[in-house]
Each structure stands twice: as C-alpha cells, then as structure tokens.
Amino acid sequence: MANRQEAQEQYNRSLKLGQKNYKEQVVRGNYPYPQVLDEILDENMVAGRADMGVLEIPTEQIIGTKTAGRRSAFSSNFMPLLAPDTEFATKWMDLCAAHLGDEGIRDPIRCYEYLGRFYVQEGNKRVSVLKSYKAATIPSYVIRIIPNWSEDVAIQAYYDFMASYQLTGLYRVYFSRPGRFAKLQAALGFEPDHVWTEDERQHFVAGFTYFRDALRKQGMENLGVTPADALLVWLRVYKFEQLWSLSTAELAKSVAAVRPDMKLLSAPEPISVTTESEEQKKEADASRGIFGRLLHAVFPDHLNVVFVNEGSPETSDWCRAHDLGRKYMEAVMGSKVSVKVCNNVRPGEEAAKVMKDAAAAGAQVIFATTPPLIAACRQAAAKYPGVRILNCSASMPYAGVRTYYSRIYEGKFITGAIAGAMSRDGRIGYVASNPIFGVPASINAFALGARLTNPRARIVLRWSCVEEDAMGALKAEGVDVISNRDVPAPDRVKEPWGLCQVNGDGSLTSLASPYWHWGNFYVKLIRSMFSGGWDELNIQDGERAVNYWWGMSSRTVDVLLSQELPSGVSQLVQILRRGVTDGSIEPFRRPIYSQDGQMRSDGEKYFSPEEILHMNWLCGYVEGGIPSYDQLLPMARSLARLQGVYRDQIPPEKEGPVL
C-alpha cells in the first residue's frame with residue numbers, strides 16, 4: 001500500500017515536470033513531444049540493421065519512440081502529460097509501484113538505436129518511470145540502424161563510434177566529429193586498438209559520470225558538444241586520474257577554466273586570424289578608438305614579460321631571431337616592461353613548471369616561442385586566466401592561448417619573382433622545411449612570383465624533412481636557382497641562405513631572402529596591451545581563439561637583398577614590396593590551377609587569411625607533392641603532429657599533448 005501511495009505521489013511530481021518541460025519547449029519553438037523515428041528516417045537512408053542483443057543503455061540517450069502511438073502522452077523528456085485519473089496514469093503508477101517493490105522493473109524494453117540515440121518500440125512507460133527516478137541505465141533489447149555512408153560529419157562521426165564501440169562497449173563515449181576517439185585512447189594511455197577490460201570500463205564510467213555531473217552543474221549542457229567532446233578538451237590540460245583527487249568544487253573550477261575551448265569545438269570558425277596590428281586599423285572607426293581610450297585608464301602602465309625558449313640564442317637560429325626581437329622590444333618600450341628570459345626549457349612538465357613559477361612571480365605576459373610548448377601554455381592558461389599567454393605557432397584552437405606567426409609567403413612571392421628573372425632555363429629549385437600550416441602557401445606564392453617574371457617557370461620541389469641533402473639533390477639535377485632556408489634574422493647572414501644562384505663550379509651566391517622581424521611584432525603587441533587592443537579582440541571575437549598572422553604591412557616580414565642582385569631586379573623588388581605592403585598587389589589574386597587540374601582562382605578571387613593559412617594543395621607548375629607523415633624523417637614528425645596540414649589524420653600518440 002505504501003508503494004502505491006508513493007507511486008501516486010511520484011506520478012504527480014513527474015506530471016508537473018512533464019507539463020513544465022512541454023511549456024518550455026513550446027515557448028522556445030521546439031517540438032514538445034518525444035521524437036518519432038519513423039518520421040525522421042527514410043528507408044533509403046539505411047545501409048543495414050544489426051541485432052545488438054540486450055544491453056544496459058544510458059537513459060539520457062533515449063530521446064524518442066519508434067512509432068507515433070502514445071506520442072502525446074509524454075513530454076520530450078519522457079515525463080507524463082496525461083491526467084492522474086486516466087488509464088495511462090494507472091498503468092504508469094502500477095509500474096512505479098513494481099519498481100519500488102522487491103521485484104522491480106526487470107523486463108528489458110525494446111528499442112532502435114540510430115546515430116547513438118534510442119527510440120523506444122516497447123516500454124515507453126517503463127522508460128518514463130525510470131527517468132523520473134533518474135536511473136542511469138535501463139536494460140533494453142537493441143536493434144541498431146546503420147545509415148548509409150556519406151561525407152556528412154555526423155555520419156562520419158557515427159561510423160567512428162561504431163568502430164570505437166567494438167573496443168569500449170559503451171554508448172556514453174560518443175563524439176560529434178570523427179577521429180576524436182583515437183585521441184581519447186591516447187589520453188587514457190591506451191594503444192589505438194586496445195579493447196577495454198570490464199575494470200577499465202567501470203573505472204572510466206565512474207570518472208566520466210563525475211565529470212559529466214560537473215558539466216551539468218556549470219550549465220554547460222548546451223555548448224553544442226557531447227560530454228565526451230568536453231572531456232577530451234579537459235584532458236588537454238589534466239590527466240584522467242586527477243578526477244579522483246579533485247573535490248567537487250575543484251573539478252567545477254577546472255571545468256569552468258576550459259569552458260571556452262569546449263565551446264570552440266562546435267564553432268564553425270573557431271579561430272580568428274587577425275592580419276593587422278592595432279596601429280593599422282582605421283582611425284575612422286570611432287567606437288574602436290573610444291573603447292581603447294576608455295580601457296586605457298584601467299590598464300597598468302607597466303608589464304612583467306617572460307620569454308620561454310626551447311633552445312638558446314647560442315644554439316638555435318630560431319631562438320636567436322626571437323631574442324633579437326625581445327631585445328628590440330625592450331629597447332623601444334624602456335621602463336614600461338620588465339623582461340625575464342628562460343632558455344633551454346624542455347616541453348612538458350619542465351615547461352609547465354617554468355610557466356607556473358613565472359605566473360606565481362607576477363608575470364603578466366608569457367611568450368613561448370615554439371609550437372611544442374603549446375601543452376604547457378594550455379595548462380598555464382587554464383590555471384592563470386589573468387596572464388596573457390602566447391605561443392609562436394599557427395592555427396591552435398585554444399581560446400586561452402593566443403598564437404602568433406608571420407605571413408612569410410609575402411616575402412616568398414617576391415623572392416619567387418627574383419628567381420623567375422634570374423633562372424636561365426625556368427627550372428627553379430625550392431627546398432621546403434616541413435608540411436605545416438603556411439608552408440604550402442609559401443611554395444605557391446613563390447611559384448606565382450616566378451611565373452610573374454617568367455611564364456615558363458617550373459618549381460622543382462624538395463623537402464628537407466624527407467631527405468637530408470635536398471639542396472645537393474637539386475644541384476645534382478642541374479637546377480641553377482634554388483630557394484633554400486630563409487635567413488633567420490637580417491644580421492645573421494649564413495652562406496648559403498635564402499634564394500641562391502648556383503655557379504658553374506657548384507658554389508652558391510645568395511640573392512635574397514624573406515626574414516622575420518619579431519621585434520616589430522613584440523613592440524606592436526605589447527603596445528596593444530597598454531592601449532586596449534588586446535581586450536578589444538576579446539569583445540570582437542568572443543570565445544574564439546585568436547591567431548596573430550602579420551606580414552609586410554605591419555613590418556613583421558621583409559626581404560633582405562644581396563648586393564649581387566642586378567639593379568633592374570632590385571628595382572622590381574621595390575615595386576613589389578610597396579604593392580604587397582599597401583595591398584595593391586595580392587600574390588594569390590590571379591588565375592590558379594592546382595596539380596589536380598582544379599581551378600582554385602579565376603583571377604578575381606580574394607583568398608581569406610584562413611584559406612591561405614590552411615592551403616593543402618600545390619600549384620600546377622610545381623613538380624613534387626606534400627609528403628605524407630610516414631615519409632618524414634623522425635626528427636620532423638613531432639612538429640607535423642602539432643602544426644601539420646594533415647595533423648587531424650595522424651593517429652595520436654600516448655605521449656605528448658592531445659590536440
């Protein structure tokens with residue numbers, strides 16, 4: 001009798017929840033009842049069916065019914081809508097009383113699973129009762145409906161899920177995009193094909209449930225990503241085992257810290273590429289000027305800046321170029337900045353400790369000058385949101401870390417024009433570094449520049465990340481003009497550098513080279529922090545990741561010319577330099593066909609910065625292709641994982657950051 005009384009009270013409580021949910025859905029313009037599979041699925045969309053047997057399925061993933069019968073008896077959350085004196089309510093309460101009794105609800109329901117969601121065929125009221133008690137799972141006989149393969153991201157993600165289900169046996173591990181399960185395996189320390197044991201499954205479910213509850217308490221269920229997506233973002237900063245050592249409050253704080261990155265997963269354009277320094281923005285934009293002046297009053301007039309380098313200026317030309325930029329920034333900014341430099345910092349735990357110590361000591365800005373330091377940057381950004389953290393890399397989807405690089409392709413366009421003018425037979429060599437973001441754009445810009453001055457020019461492409469003596473191989477082929485590695489800084493001229501002429505005796509004469517002027521970048525960026533430009537981007541771009549990608553117009557990139565260059569060619573360079581700087585010359589605004597014969601531009605198209613940065617194709621007059629990951633020398637593979645144009649297709653490793 002007591003069970004019956006409790007069942008009646010539970011029905012009344014559930015009825016109120018159902019009515020409330022119904023009204024909320026109607027107000028929002030949403031469908032207020034459970035979804036009906038027969039109404040959303042056409043048989044032409046089905047590749048097959050699979051009998052999955054009886055499984056414990058997550059109740060939260062039961063979202064609808066197979067047919068339209070009894071649809072109006074439930075709200076979309078499966079809570080009842082019919083009055084307590086109806087036959088439906090009586091049967092609901094009978095089931096509820098049974099659930100409260102000794103026997104409980106034991107008979108499995110029957111349902112269909114489609115794209116990771118369940119649609120009930122038999123047992124709607126059982127689902128409703130168990131959902132009202134917030135049961136985590138329910139036994140069900142499941143028939144899986146397999147959709148036809150397509151290029152749709154949701155379909156690809158589902159096929160990825162079906163493969164992962166064979167390893168996990170869990171419906172909870174569902175991602176919104178393909179390829180992410182492999183990253184989860186790596187983050188958990190498993191091999192890609194590892195089959196989870198029952199203990200591993202239970203261990204994961206316990207931690208995942210704890211994490212998911214923290215998500216809900218933070219109101220993060222409407223981020224447009226699955227809980228598994230969100231967990232993967234969290235695992236970029238923390239380890240799974242840390243879940244057990246964090247209190248509820250600590251876990252909530254850690255989840256909130258990476259919330260912007262979780263939201264980025266569902267954004268159609270998660271990264272904002274800014275190609276102008278604040279000084280270049282039009283003064284006519286009054287609101288921008290007012291914004292900066294208003295904020296200037298609350299910004300400090302002094303900044304503590306820390307530079308973190310993997311190597312040192314003595315051992316690395318890359319570090320030396322950044323260190324020259326740092327010195328230039330100090331000289332220009334004077335007493336407005338205090339600077340500390342940390343050299344020879346290994347990525348990983350050491351880098352994380354260096355940044356932690358820097359933040360604790362009062363650092364307000366941290367520049368990490370190489371991509372492998374990104375994992376430590378992510379950890380520091382999550383733990384110290386008040387510190388401005390930047391990593392010298394491109395296209396990293398993290399809202400808490402800004403990245404910076406330069407449009408070196410603009411300089412390559414100009415050196416390509418020089419190469420076309422200087423080549424005897426039109427066959428021009430090009431030694432590329434790594435197949436990372438921006439490099440295909442540089443190759444293409446160089447080729448377009450060469451075609452500008454020599455319509456018969458062909459670019460013979462080699463990769464230093466594939467063969468140890470790419471330069472020697474080109475010389476052996478009889479190529480007389482070769483684009484080699486760029487000079488790192490204008491005061492560090494090494495032979496051979498940049499674009500080289502091959503002499504009759506095999507020696508090389510340097511002609512020109514693009515170079516980075518990191519000092520101009522650092523000065524302009526620090527000034528933007530004082531004037532409000534940094535925070536203005538937060539307002540403009542919301543929670544998108546910010547990628548500074550500045551070029552010749554901001555004087556971050558320039559071209560160094562040799563005195564050996566003919567005067568006529570030097571004059572041409574000055575014309576091209578002015579045109580690229582003021583925007584009157586666009587390297588890619590010309591008819592372009594790629595190697596596969598596809599028209600990439602009809603001559604009128606303006607490529608967006610994102611399109612240029614993420615080019616993964618080469619012009620038709622380039623001989624050679626983009627090497628695969630397996631073709632790279634071992635020393636080049638780690639950078640390809642971080643910045644490679646095909647990084648999302650590379651199986652993740654257990655060691656290293658989970659991107």
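Along the sequence shown, the residues carry numbers beginning at 1. Being a predicted model, the structure only gives us computed values, none of them experimental.
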Report task. Output, in order, the C-alpha distance, side-chain angles, deciding distance and verdict of side-chain contact (heavy atoms from CB on, under 4.5 Å) for Phe118 and Ile109. Result -> CA-CA 11 Å; Phe118 299 94; Ile109 64 170; over 6 Å; no
Query - Verdict with supporting geometry, Trp196 and Gln202, side-chain hydrogen bond (donor to acceptor under 3.5 Å, both in side chains) - result: CA-CA 10 Å; Trp196 294 15; Gln202 292 181 7; over 6 Å; no
Requested in this report: Check the pair Phe204 / Phe240 against ring-ring contact (aromatic ring centres under 6.0 Å, His included), numbers first and verdict last.
Outcome: CA-CA 9 Å; Phe204 177 83; Phe240 188 77; 5.5 Å; yes
Query - Trace of the side-chain contact (heavy atoms from CB on, under 4.5 Å) decision for Asn21 with Gln25 - result: CA-CA 6 Å; Asn21 178 262; Gln25 299 307 316; 3.5 Å; yes
Report task. Start with the C-alpha gap between Trp549 and Tyr405, add the side-chain angles, then the distance that decides, and say whether ring-ring contact (aromatic ring centres under 6.0 Å, His included) holds. Result -> CA-CA 5 Å; Trp549 201 38; Tyr405 214 68; 8.4 Å; no
Requested in this report: Take Tyr171 and Tyr165 through the ring-ring contact (aromatic ring centres under 6.0 Å, His included) test and state the conclusion after the steps.
Outcome: CA-CA 7 Å; Tyr171 268 97; Tyr165 183 82; 5.0 Å; yes
Requested in this report: Carefully, step by step, assess Trp463 and Gln631 under the rule side-chain contact (heavy atoms from CB on, under 4.5 Å).
Outcome: CA-CA 10 Å; Trp463 294 84; Gln631 292 176 298; over 6 Å; no
Query - Full working for side-chain contact (heavy atoms from CB on, under 4.5 Å) between Val233 and Val225 - result: CA-CA 11 Å; Val233 172; Val225 297; over 6 Å; no
Query - Worked verdict on Asp596 versus Ser594 for side-chain hydrogen bond (donor to acceptor under 3.5 Å, both in side chains) - result: CA-CA 5 Å; Asp596 58 4; Ser594 53; 2.5 Å; yes
Query raised in the report: Where do Asn391 and Thr403 land on the side-chain hydrogen bond (donor to acceptor under 3.5 Å, both in side chains) test, with the steps shown first?
Result: CA-CA 5 Å; Asn391 179 259; Thr403 58; over 6 Å; no
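Looking only at distances, a side-chain donor or acceptor of Asn444 sits under 3.5 Å from a matching main-chain atom of Cys619. Arg201 places a side-chain N or O within donor-acceptor distance of the main-chain N or O of Thr168, the cut-off being under 3.5 Å. A distance-only check finds a donor-acceptor pair linking the side chain of Ser14 to the backbone of Gln10 [under 3.5 Å]. Using modelled atom types, no side-chain atom of Gln8 and backbone atom of Gln5 make a donor-acceptor pair closer than 3.5 Å. Side-chain atoms of Arg236 never come within 3.5 Å of backbone atoms of Gln379 as a donor-acceptor pair (strictly under, hydrogens ignored). In this structure, the side chain of Gln185 engages the main chain of His194 through a donor-acceptor pair within 3.5 Å. Side-chain N or O atoms of Arg259 include none that pairs as donor or acceptor with a backbone N or O of Ser254 at under 3.5 Å. A donor-acceptor pair under 3.5 Å links the side-chain atoms of Thr90 to the main chain of Thr86, judged by distance alone. Between the side chain of Ser164 and the backbone N or O of Phe161, at least one donor-acceptor pair lies under 3.5 Å. A donor-acceptor pair under 3.5 Å links the side-chain atoms of Tyr210 to the main chain of Thr248, judged by distance alone.
In this structure the side chain of Tyr33 reaches within 4.5 angstrom of the side chain of Leu81, judged on heavy atoms. Contact check for Ile374 versus Tyr398: side-chain heavy atoms found under the 4.5 Å cut-off. Between Cys465 and Pro435, some side-chain heavy-atom pair lies under the 4.5 Å cut-off. Within the 4.5 Å cutoff, no side-chain heavy atoms of Arg647 are placed close to those of Arg641. At least one side-chain heavy atom of Val273 sits under 4.5 Å from a side-chain heavy atom of Thr275. At a threshold of 4.5 Å between non-hydrogen side-chain atoms, the residues Val645 and Pro440 count as touching.
Classification of the Trp149-Tyr159 ring pair by plane angle, with boundaries at 30° and 60°, yields perpendicular. Taking the six-membered ring where the residue is Trp, Tyr174 and Tyr158 present tilted rings, their angle falling between 30° and 60°. Note: Phe74 and Phe78 have tilted aromatic rings, judged against thresholds of 30 and 60 degrees for the angle between ring planes. Aromatic ring orientation, Trp244 versus His203: tilted (interplanar angle from 30° to 60°).
For the side-chain contact (heavy atoms from CB on, under 4.5 Å) test, residues two or more places apart in sequence or in another chain that qualify with Ala157 are Pro178. For His99, the side-chain hydrogen bond (donor to acceptor under 3.5 Å, both in side chains) criterion is met by no residue, not counting sequence neighbours. A search for side-chain hydrogen bond (donor to acceptor under 3.5 Å, both in side chains) contacts involving Thr65 returns nothing, not counting sequence neighbours. Asn434 meets the side-chain hydrogen bond (donor to acceptor under 3.5 Å, both in side chains) test with no other residue; sequence neighbours excluded. Checked against ring pair (Phe, Tyr, Trp, His ring centres under 6.0 Å), Phe181 has no partners two or more places apart in sequence or in another chain. Not counting sequence neighbours, Tyr114 has no partner by the ring pair (Phe, Tyr, Trp, His ring centres under 6.0 Å) test.
By the 6.0 Å contact criterion, CD on Glu349 is open, its count of non-hydrogen atoms from other residues, nucleotides or ligands being 12 or less. Heavy-atom neighbours of Tyr593 OH from other residues, nucleotides or ligands within 6.0 Å: at or below the threshold of 12. Counted within 6.0 Å of CD on Glu87, heavy atoms from surrounding residues, nucleotides or ligands total 12 or fewer; the atom is thus considered open.
Contact check on Lys253 versus Glu250 returns no salt bridge, with no Lys/Arg side-chain nitrogen under 4.0 Å from an Asp/Glu carboxylate oxygen. A salt bridge links Lys605 to Glu611: at least one charged side-chain nitrogen sits closer than 4.0 Å to a carboxylate oxygen. Between Lys66 and Glu122 there is no salt bridge, since no side-chain N of the basic residue sits under 4.0 Å from a carboxylate O of the acidic one. Checked for salt-bridge contact, Arg4 and Asp94 meet the test: a charged N lies under 4.0 Å from a carboxylate O. Using a 4.0 Å cut-off between a side-chain N of Lys or Arg and a carboxylate O of Asp or Glu, Glu113 and Arg49 do not qualify as a salt bridge. No salt bridge links Arg144 with Asp51; every basic N to acidic carboxylate O contact stays at or beyond 4.0 Å.
Tyr119 contributes atom OH, which lies 6.5 Å from atom CD of Gln35 (distance to the nearest 0.5 angstrom).
With a 6.0 Å cutoff to the six-membered ring centre and a 45° limit on the axis angle, Arg637 counts as a cation-pi contact of Tyr629.
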